[in-house]
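Just below is one structure, and these are the notes that go with it.
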2 protein chains.
Amino acid sequence: MADNSIRRGMGWATMADVAREAGVSLMTVSRVYKRPESVSPRTRENVLKAGARLGFLPNSVAGNLASGKTNMIGIVVPSLRNSNNATSIQGMADYLRQASYHFMIANTGYSLEDETAVVKAFVQRRPDGIVLTGTRHGQETVDLLKAAGVPVVETWETKGPFLDMATGFRNYEAAREITAHLIERGYRKIGYIDYPAIGLTRYVERLAGLKDELKAAGLPSGQIVSPLEAQDLYQDASSFRGGAVGLQMLQGKYDIDAVLCASDILAVGALFECQRQGIAVPRQMAVAGFGDFEIAAEVHPGLTTIRTNGYQIGWNAAEMLVQRILQPDADIPLRDVGYELVTRGST
Amino acid sequence: MADNSIRRGMGWATMADVAREAGVSLMTVSRVYKRPESVSPRTRENVLKAGARLGFLPNSVAGNLASGKTNMIGIVVPSLRNSNNATSIQGMADYLRQASYHFMIANTGYSLEDETAVVKAFVQRRPDGIVLTGTRHGQETVDLLKAAGVPVVETWETKGPFLDMATGFRNYEAAREITAHLIERGYRKIGYIDYPAIGLTRYVERLAGLKDELKAAGLPSGQIVSPLEAQDLYQDASSFRGGAVGLQMLQGKYDIDAVLCASDILAVGALFECQRQGIAVPRQMAVAGFGDFEIAAEVHPGLTTIRTNGYQIGWNAAEMLVQRILQPDADIPLRDVGYELVTRGST
DNA sequence: TTGTAGGCGTTATCAT
DNA sequence: ATGATAACGCCTACAA
């Protein structure tokens, strides 16, 4: 055991090893890898060569402990295989990458208990920031985040109150707008396929927008079905099927000539069901969705929907966190990414 | 500065604080949070109460440094918004969660350089294991992983050589099987919509399987188009469109009565294009895919495809890593999750 | 079952 | 520009 520095370690070369090899102090090595410009070129080259010779890679864990910064973001989403979030996650990933942050991610399956567990596990790893989906959180989660004092962004909504920062779009207004579009197109018997009523405020908002717009037009506003169970939201497959089943439910209960859905996947499911039943879209039945997922433009006929910029939401969330991290007392206002009615052949 | 323990810290209570509060030693506190059963119930209660009073949450970063274990897995995927991987990621997430591991994830955009960068960044954080997608990796990546000595699983393929462990299915055989199905159904003019030829071995295998099966049947095996660029693989939207464009390309160059696609998303795109052109599927044109993604069962007509268990691949990968971590010298053999031809209305 | 001592590999701070 | 020293908060190893 001539080399005192490899005792409990895992065989890795450490900065001390590199320092010895290069004939400089440990701190110089640290500087070379952290702020290369703060070291003279000559020394820097020597150290880098010594490091390469030893196969040295800085141990971030040690650095994190010493500096109190982890350069790690925790992302909490309801589901990983729901296309709803994928684009948004990619937006965060892209921003974080260029800002030299990494992220851990975990899903809650729409359960508040699981969300608390996830947040607790994350907080123990001392992330520099946390992204949550939506604004519905258990009290324990809220307390945990408050105690941790970690920057938090909530996504997909613009209606507070928020824990800290937020970015999203106006779900209520968007729902009114697409409903108004259906009415303007001449549809009078409009059904709605909703997500399970588990208190997700973004869907509560959409439903409220639909109802208010229908009422304002003097149309029936109670033609609503909710074919999914909470656990179905976990993956897209159920939502496709939910759209089909939802349409059947509407057909059984009401006389409808248009169906609006809480998400594009539901709407595509309903559209497929129309194809199976031989119902002409949009002549006999209009179909409209929410989200403008990639598939919306590809189905035939194309799906009328509300376009929201999920990628931008993710990008924003990451950017807001990093801004706050770099400038802890910055006041970071809500960012509304907007929405846009996209009319296609289905209405 | 009465309290010596909060100097550079971030305001968090530490085990030392809890120890003082509970009147025990620091080690007892550590044990309470790590192996509660190794502490007497009475002491444990006291410590937990003291911890709760101080809002204590163990700092994993410090624990990681001291123990040399991070309970963290690094997952490297080509893209985050490609449904190809989402199910597999969920499989890993579900296994890792119940095993008390967390994961970081990063995407490479199918670039070897980016993969190296990602792996390097991961390795610096000292994950206990790493999951890679596919078997095509740059030399630098390979060297890095070898030097790190971290357990690695490669996914989606069963044909080595592998860096370490692997789980996937037999792409070549699966492609032969679905091609044979088309031939058996009476199709003789079979076109293939391929992914970009960037050396992804799983797609190389599929193409080889198709060609060999066609040749064995004495059919033309060169009717192949590749409508996508490498960067298009990044998201599903391009693949839908690629399927449509690919079909048009095949129609322009060849006289085909069936189209097989390197993935379901391409196939669905081709199917939608048939709908737009008013081509009857499967009477005038058969369409087949690869993967049995969720949408395959939902389109009309349903898509004939190769079902693979992406969720299981993810689950396996995580399980294999954890096994190896717990038992470093264990020999963990390749796991083939198999595949299954699923025939639906499109052929 | 509980405690003591020492170290994990890096960074902050203060000197030089 | 470089170095010496003391943390960062926890865990391993060993002792009591």
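Everything numeric in this text was worked out from a predicted model, so none of it was measured. Labels below follow one simple rule: chain letters A, B, ... track the order of the sequence lines, proteins then strands, and each chain is numbered from 1.
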[X], nearest nucleotide to its side chain (from [options]):
| X | options | value |
| --- | --- | --- |
| Met27(B) | dG3(D), dG9(D), dT4(C) | dT4(C) |
| Ser30(B) | dT10(C), dG3(D), dC11(D) | dC11(D) |
| Thr28(A) | dC10(D), dT2(D), dG9(D) | dT2(D) |
| Asn59(A) | dT10(C), dG3(D), dT2(C) | dT10(C) |
| Thr43(B) | dT2(C), dC11(D), dC8(D) | dT2(C) |

(request) Would you indicate whether Glu140(A), at its atom CD, is surrounded by more than 12 heavy atoms from other residues, nucleotides or ligands within a distance under 6.0 Å? (result) no

May I ask you to say whether [X] pairs ionically with [Y], meaning some side-chain N is under 4.0 Å from a carboxylate O?
| X | Y | value |
| --- | --- | --- |
| Glu319(B) | Arg335(B) | yes |
| Lys146(A) | Asp143(A) | no |
| Arg324(B) | Asp329(B) | no |

Between [X] and [Y], a side-chain donor and acceptor under 3.5 Å:
| X | Y | result |
| --- | --- | --- |
| Gln98(A) | Asp94(A) | no |
| Tyr95(B) | Asn316(B) | no |
| Thr155(B) | Thr167(B) | no |
| Thr135(B) | Glu154(B) | no |

(message) For a quick check of understanding: with a heavy-atom distance under 4.0 Å over all strands, which category does Val61(B) fall into, base, sugar-phosphate or nothing?
(response) nothing

(message) Counting only heavy atoms and a strict 4.0 angstrom limit, can you tell me which residues of residues 33-42 of chain B come near DNA chain C?
(response) Val39(B), Ser40(B)

(request) Using only side-chain N and O atoms of Ser25(B), determine if any of them is under 4.0 Å from OP1 or OP2 of dG3(C). (result)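 Yes, such a contact exists.
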
Starting at [atom1] of [X] and ending at [atom2] of [N], how long is that distance when rounded to a whole Å?
| X | N | atom1 | atom2 | value |
| --- | --- | --- | --- | --- |
| Leu26(B) | dC11(D) | CG | C1' | 9 Å |
| Asn46(B) | dT2(C) | CG | P | 10 Å |
| Asn64(A) | dC8(C) | CG | P | 18 Å |
| Met15(B) | dA7(D) | CE | C1' | 18 Å |
| Asp17(A) | dG9(C) | CG | C1' | 10 Å |
| Lys69(A) | dA12(C) | NZ | C1' | 13 Å |
| Trp12(A) | dG9(C) | CH2 | C1' | 13 Å |
| Arg125(B) | dG9(C) | CZ | C1' | 15 Å |

Nucleotide N/O of nucleotides 14-16 of chain C paired with protein N/O under 3.5 Å:
none

(message) Nearest 0.5 Å, please: how far is CG in Asn59(B) from CD in Gln124(A)?
(response) 9.0 Å

(request) For Tyr33(B), enumerate each residue passing the ring pair (Phe, Tyr, Trp, His ring centres under 6.0 Å) test, keeping only those at least two apart in sequence or located in another chain. (result) Phe56(B)

